[in-house]
Amino acid sequence: MKNVALVGKGRLLLLLDNSETAITLLQIAMAIAYEKNYEIECLQVILVPFNSSYYL
């Protein structure tokens with residue numbers, strides 16, 4: 001494996017909302033990020049109920 005820079009040339013945003021697919025999506029993102037020398041930013045998506053005190 002060749003040397004990889006610690007800081008990538010770009011970022012790949014990976015949205016995760018389902019633990020059943022997270023590993024597969026992360027593996028795909030890692031392959032893309034490796035080829036393009038990108039960093040991966042993971043964002044977890046959660047549903048907030050309409051009647052929640054957090055809903056604006």
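A33 approaches L12 most closely through the heavy-atom pair N-CD2, 4.5 Å. Across every non-hydrogen atom of A29 and L14, the tightest pair is CB-CD2, 3.9 Å.
Taking a 4.5 Å side-chain heavy-atom cut-off between Ile, Leu, Val, Met, Phe, Trp and Tyr, the cluster of L43 extends to L13, L15, V45. In this structure, L47 stands alone, with no Ile, Leu, Val, Met, Phe, Trp or Tyr side-chain heavy atom under 4.5 Å from its own, directly or through other members.
The cluster map of Ile, Leu, Val, Met, Phe, Trp and Tyr, joined by side-chain heavy atoms under 4.5 Å apart, puts I40 and Y34 in different clusters. Both L16 and L26 are part of a single hydrophobic cluster, where members link through side-chain heavy atoms under 4.5 Å apart.
Each salt bridge (charged side-chain N to carboxylate O under 4.0 Å, His left out) pair with one or both residues in residues 11-35, not counting sequence neighbours, appears once here: R11-E39, R11-E41.
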